[in-house]
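Below: one structure, written as structure tokens.
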There are 2 protein chains.
Amino acid sequence: MKYSKATNYALHTMLFLAKEATNKPVGVQQLAEMQDVSPTYLSKILTKLVKEGMINSVSGANGGYTLSRNWEDISFLDIIHAIEGKSSLFDCCLYNDPKCVIKEVMLSAEETLENELRNRKISDLVKK
Amino acid sequence: MKYSKATNYALHTMLFLAKEATNKPVGVQQLAEMQDVSPTYLSKILTKLVKEGMINSVSGANGGYTLSRNWEDISFLDIIHAIEGKSSLFDCCLYNDPKCVIKEVMLSAEETLENELRNRKISDLVKK
DNA sequence: CAATTAGAGACTTTACATATCTATAATAGC
DNA sequence: GCTATTATAGATATGTAAAGTCTCTAATTG
């Protein structure tokens, strides 16, 4: 079980945009070079963030990506969910018992993880 | 990101053995049937638990698996680590910065998850 | 010795992450 | 309006790890 590289790229891109603190769009070319990943692939990842309303995209010359207006509220969990999806970490496929005690433990542990990630905002990492 | 099915099988097997509360070995055949998985595959998973000293195996007729002597101390985290390995959930491949703030957040979140799973023992689920 | 059971290793299959390629759409600057 | 630049979408390819199978070996019982 691992977080995907895509999540890593998304988090670092968000942090970079937050540090920039400018409204001028940053092109995927530049973002991709910094992270040593292909622009088309990164673009596909960032499109997910656009669809979740975390960043805005601007087509055309001098286009690129900018943070959305509410960016200071965006948590690690938001970004992770946008990339990895929101489905549970643990599937108890065993006879689909709704009262499976193992599932209960696993889901409650997952909840503590999510609470932690929900409390951590990208904007906290920017303030000096 | 998901926990593997193998982890699910391992957890359910441990819980079953704990509920049995007998020293008589339980064969992989029976354990596999209950969970609707092939015996050879489950055997491969259980061997990992044997190597970590969580269960004992007995070859030969009437053989099978029994809980180890210290089974009441075995946590969810122990079992998960035995199956999934102990490597971190998050690899920050980006220029390998040892002070990457994103990595710090992710690792500290992972630690809260592990603490939770460390405090949950299989034996807690058995007591009435 | 025969039956039963776990363990080990090679192999196959499946699923998903990680890309790549190409074509399309939008926008800026001229 | 034309051209260069940039994001988006879809199809396709590649790599890797999980999931599962098959076969042979080793240990134990009776």
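Given the structure is predicted, the values throughout are model-derived calculations rather than measurements. In what follows, chains are A, B, ... by sequence order, proteins preceding strands, each numbered from 1.
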message = Roughly what angle, to 10°, lies between the helix axis at the start of the helix from dC1(C)-dG30(D) to dC30(C)-dG1(D) and the one at its end, five pairs per end?
response = 20°
ask   = Quick one: side-chain contact (heavy atoms from CB on, under 4.5 Å) partners of N119(A), sequence neighbours excluded?
value = none
key: Test side chain to side chain donor-acceptor pair (under 3.5 Å) applied to E110(A) - qualifying residues, sequence neighbours left out   = S88(A)
inquiry  = Test of understanding: with side chain to side chain donor-acceptor pair (under 3.5 Å), list the residues that count as partners of S57(B), not counting sequence neighbours.
reply    = none
query = Among all residues two or more places apart in sequence or in another chain, which pass the side chain to side chain donor-acceptor pair (under 3.5 Å) test with S123(B)?
reply = none
note = Residues passing the side-chain contact (heavy atoms from CB on, under 4.5 Å) test with V105(B), sequence neighbours excluded, are F76(A), R120(A), L125(A)
request  = With sequence neighbours left out, write down each residue that passes side chain to side chain donor-acceptor pair (under 3.5 Å) with D73(B), or none if nothing qualifies.
outcome  = none
message = My understanding is that only residues two or more places apart in sequence, or in another chain, count here; which of them pass salt bridge (Lys or Arg N to Asp or Glu O under 4.0 Å) with K19(A)?
response = none
query = Who pairs with K44(A) by salt bridge (Lys or Arg N to Asp or Glu O under 4.0 Å), at least two apart in sequence or on another chain?
reply = none
request  = For each nucleotide in nucleotides 20-30 of chain D, reading 5' to 3', give B when a protein heavy atom comes within less than 4.0 Å of its base, S when such contact involves only the sugar-phosphate, and - otherwise.
outcome  = BBB----BBSS
key: By side-chain contact (heavy atoms from CB on, under 4.5 Å) - contacts of E111(B) (at least two apart)   = none
ask   = First and last nucleotide of DNA chain C in contact with chain B, 5' to 3', at under 4.0 Å to a heavy atom: what are they?
value = dT4(C) to dA10(C)
